[in-house]
Protein chains: 2
Amino acid sequence: MKRPDTRQQILDLAENLIRSKGYNSFSYHEISHTLGVKNAAVHYHFPTKEVLGLEVIRSAIQRFKDFKEETASLSLEEQLDAFIQTYSINSENDKVCLVGAISVEFYGLPENMTNVMKGLTRLIHDWATNLLAIGKAEGMFTFDMKPETKATMIITNLAAGVQIARLMGNETFSDLIKGIKIDLGVNQ
Amino acid sequence: MKRPDTRQQILDLAENLIRSKGYNSFSYHEISHTLGVKNAAVHYHFPTKEVLGLEVIRSAIQRFKDFKEETASLSLEEQLDAFIQTYSINSENDKVCLVGAISVEFYGLPENMTNVMKGLTRLIHDWATNLLAIGKAEGMFTFDMKPETKATMIITNLAAGVQIARLMGNETFSDLIKGIKIDLGVNQ
DNA sequence: TTGCAAACTTACTAATTAGTAAGTAGGTTT
DNA sequence: AAACCTACTTACTAATTAGTAAGTTTGCAA
């Protein structure tokens, strides 16, 4: 018999549930039922829901670090496009990003989770700031503010863009991307 | 004895809880305990949690309509500032906006709630679009895209701005406001 | 072949959840 | 003053929740 890799399946499903409905809107029962295992099997891999939530965020941190490495050799515009594309995929799959999901439920989550999440948010923001700073210095992007401010603007556009797409439709999101590029001066 | 206006207190508290932790992170017990009444008193005013959630959204729709009327006679820039200020107050009170709160939990909420929420989102977006269209025509705002696109950009900046402020601090939000104004050409 | 550990299941528990039925106190209407 | 209504309380229930303790199976190593 094949190794079903239950642990990874639980982790993936938990992330999808957090980004579909929020952390406090899914139960261990929903996970075990969906994967065809028993409730205790989920607790075997992740003793508490807080541990599961933490692991979801930690794996997202690792995934972003991998993304950084994998795209490091690309041009700035290709890096930005790759970043935006991850949100386009979210929008098509009706999934919000972790930053949005965790921040909205902030005061209903274990402090450990929100603290680890702060690290991921800084990581993404620092990366975007650096990208924009270099791009501005090289004359590739045009904006009249600090690169950290522009980074906040683009990240908030994307984070709430996938949220508002649930209420207004996916065209709203693709339209938004065009706007971001126009303001950066990278439209052609 | 004074009229305690329990119904209004429940409604206000419910909105605050939704915008602090999310709809599925608070209970009728939390409401009744906080207000010093019994669980059944909450059910007397709002028979089901879905009804309570719907009333929260409906009262927000009414509030936005009142906002529109009250600010209609102001200049475009004053109207925009008034709109932005409601988000600044949110940020200071660590509250996200309803659009963000409802959209993140979207697939964990009763369909009635998300449908009514779509109405509020359209209402806000249409208002902002109209404001930006007139402001652009009058040469007050400068942007090189459709006014509906710029409306989406500003609304997503504000919605996710208050979210990301929870993870990165309130300076991130006030910084973001400056960025929005710079891109609109209404800085200083 | 025996021993052992990883990955479960079986069978629970205690707490919390939304929701209800029946009663009651106090003011208003008739 | 009798009837009635509003705004509750008392006292529940059934379902769901996260979490646990004690087995069981299966593959692998000694």
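Below, chain A is the first sequence line, B the second, and so on; all start at residue 1. What you see is a predicted model, and the numbers here were worked out from it, not measured in a lab.
- When rounded to the nearest whole Å, the span between OH of B:Tyr28 and P of D:dA15 equals 20 Å.
- When distances are taken from the side chain of B:Ala41 to each of D:dT10, D:dT20, D:dC8, the shortest belongs to D:dC8.
- In this structure, B:Lys95 forms no cation-pi arrangement with A:Tyr107, as its terminal cationic atom is not both closer than 6.0 Å to the ring centre and no more than 45° off the ring axis.
- If you measure from atom NE2 of A:His45 to atom C1' of C:dA6, you get 9 Å, rounded to the nearest angstrom.
- Phosphate contact (OP1/OP2 of D:dT17, side-chain N/O of A:Ser27, threshold under 4.0 Å): present.
- Taken residue by residue, residues 48-55 of chain A places heavy atoms nearer than 4.0 Å to DNA chain D at A:Thr48, A:Lys49.
- Taking the six-membered ring where the residue is Trp, A:Tyr23 and A:Phe26 present perpendicular rings, their angle passing 60° and hence far from 30°.
- In terms of position on DNA chain C, the residue among B:Glu30 and A:Val42 whose nearest nucleotide sits closer to the 5' end is A:Val42.
- DNA chain D is contacted by no residue of residues 104-112 of chain A, taking any non-hydrogen atom closer than 4.0 Å.
- Counting only residues at least two apart or on different chains, the side chain to side chain donor-acceptor pair (under 3.5 Å) pairs with a member in residues 108-124 of chain A are A:Glu50-A:Asn112.
- Residues B:Ile134 and B:Ile84 are members of one and the same hydrophobic cluster, defined by side-chain heavy-atom contacts under 4.5 angstrom among Ile, Leu, Val, Met, Phe, Trp and Tyr.
- A:Asn39 places its CG atom 18 Å from the P atom of C:dA7, with the value rounded to the nearest Å.
- Proximity of B:Ile154 to B:Leu132: side-chain heavy atoms (C-beta onward) are separated by under 4.5 Å at one or more points.
- The shortest distance between the side-chain N/O atoms of A:His43 and the OP1/OP2 oxygens of C:dC8 is not below 4.0 Å.
- Taking the side chain as every heavy atom from C-beta outward, B:Val96 and B:Val162 approach each other to under 4.5 Å.
- Aromatic ring orientation, A:His29 versus A:His33: parallel (interplanar angle below 30°, classes split at 30° and 60°).
- Looking only at distances, no side-chain donor or acceptor of A:Thr71 sits under 3.5 Å from a matching main-chain atom of A:Leu74.
- Between the NZ atom of B:Lys38 and the P atom of C:dT24 there is a distance of 17 Å, rounded to whole Å.
- Taking atom NZ of residue A:Lys21 and atom P of nucleotide D:dT16, one finds them 13 Å apart after rounding to whole Å.
- Contact annotation: B:Tyr44 does not reach the phosphate of D:dC8 (side-chain N/O to OP1 or OP2, under 4.0 Å).
- Contact between the side-chain N/O atoms of B:His29 and the OP1/OP2 oxygens of C:dA15 is not found at any separation under 4.0 Å.
- Applying the 4.0 Å criterion to OP1 and OP2 of C:dC8, one finds that A:Thr6 has a side-chain N or O inside that range.
- Between the side chains of B:Asp12 and B:Gln8, a donor-acceptor pair is found at a separation under 3.5 Å.
- Residue A:Phe46 is classed as having no contact, given no heavy-atom separation below 4.0 Å to the nucleic acid.
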